[in-house]
Amino acid sequence: VHFLLAQCVMCFRTAASQQLERARVLNDGILMLGIPSVCILVGFVYLIYHRR
Amino acid sequence: MAGDGSVAVIEIDEMTAEKTANRDRPAFTGLISLAAATTMLLAALTSAYIVRRGLAADWEPLHLPFVLAGGVFLLVFSSLALETGRRAYQSRRRPAFVRSWFGGIALGMVFVMAQVYGWNQISRAGLSAAGSPAAAFLFVLTGTFVALVIGALAALIWIGLRIARGNSETAYTRLRIAAYYWHYLDCLWLYLVILFYIRS
């Protein structure tokens, strides 16, 4: 598990050391990946409970 | 006597409706899963597009081909045709179904050809996937979408031919699932066009 966390720290540090504008772009990219997947997950959980 | 007969008919109708609903359920779960997978595929590409566009200094906006926005109209009209076909099938007008359904498929094919024309236009302007990141992302995003459309077209053609040859019990479920997926693809294309025009 430790070496996995190390990669997280590396990415985090690289991202945090960017200028504000570039950090904002990265955030947009992360949100673009995160929002649809969370919506899909919520949708499936709702469907499973609804149809039980 | 007449009353008995109608009660029996209603019971049979309810039974068929229930059977249809039970059969449709897994089909709709499949449709939702496919739509979710398609959404994530395009979300991943969009995310890469946004980050690549924002982080590098070599990004030069494209002059977008008009077939991009024109495609919205083609897809919406083909969806309308498929929906008309679905209604015609429901009210058992088979010739009208065949006309509308295959009309919708033809419009879908025109859409694919229009996108190929758009890619040619970009190539002729001297932009290649290797030379211009904006062109590369346009090729990848619209190319992925066109691949999805070709898959959906194959399904629509297969279903249309099966129904044109003869009725089957599961025909209406198939027809509905395919038509709904097509409508969903319309929305995705509209999203892609808006993405390209807002952040080109």
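Only this structure's heavy atoms are used, side chains among them; waters, hydrogens and symmetry mates stay out.
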**Residues from residues 41-49 of chain B approaching chain A under 4.5 Å (heavy atoms)** = B:Ala43, B:Ala44, B:Thr46, B:Ser47
**Request:** Indicate, with yes or no, if B:Met40 and B:Leu185 share a hydrophobic cluster defined by side-chain heavy-atom contacts under 4.5 Å among Ile, Leu, Val, Met, Phe, Trp and Tyr.
**Result:** no
**Item:** Interatomic spacing from CZ in B:Arg53 to CG in A:Asp28 - rounded to 0.5 Å
**Value:** 9.5 Å
**Request:** Under 4.5 Å heavy-atom distance to chain B, tell me which part of A:Ile40 shows up: side chain, backbone, both or neither.
**Result:** side chain
**Prompt:** Tell me, do B:Thr29 and A:Arg51 make a side-chain contact under 4.5 Å, heavy atoms counted?
**Reply:** yes
**Message:** Side-chain heavy atoms nearer than 4.5 Å, only ILVMFWY residues, links allowed to pass through others: does that put B:Phe137 and A:Leu33 together?
**Reply:** no
**Request:** Examine B:Leu161 and B:Tyr172 and state if one hydrophobic cluster contains both, with Ile, Leu, Val, Met, Phe, Trp and Tyr joined whenever side-chain heavy atoms are less than 4.5 Å apart.
**Result:** yes
**Prompt:** Are B:Val67 and B:Leu74 in one and the same hydrophobic cluster, where Ile, Leu, Val, Met, Phe, Trp and Tyr link if side-chain heavy atoms are under 4.5 Å apart?
**Reply:** no
**Message:** Could you see if B:Ile194 belongs to whatever hydrophobic cluster contains A:Met32? Use Ile, Leu, Val, Met, Phe, Trp, Tyr and a side-chain cutoff under 4.5 Å.
**Reply:** yes
**Contact class of A:Leu47 relative to chain B, heavy atoms under 4.5 angstrom** = side chain
**Message:** Quick check on B:Phe73: does its CZ atom have over 12 non-hydrogen neighbours (other residues, nucleotides or ligands) under 6.0 Å away?
**Reply:** no
**Asked** CG/A:Leu31 to CD1/B:Ile50 distance, rounded to the nearest 0.5 angstrom?
**Response** 9.0 Å
**Request:** Name, in order of residue number, those residues of residues 147-156 of chain B that have a heavy atom at a distance of less than 4.5 Å from a heavy atom in chain A; otherwise write 'none'.
**Result:** none
**Item:** Flag if over 12 foreign heavy atoms under 6.0 Å of CZ, B:Phe28
**Value:** yes
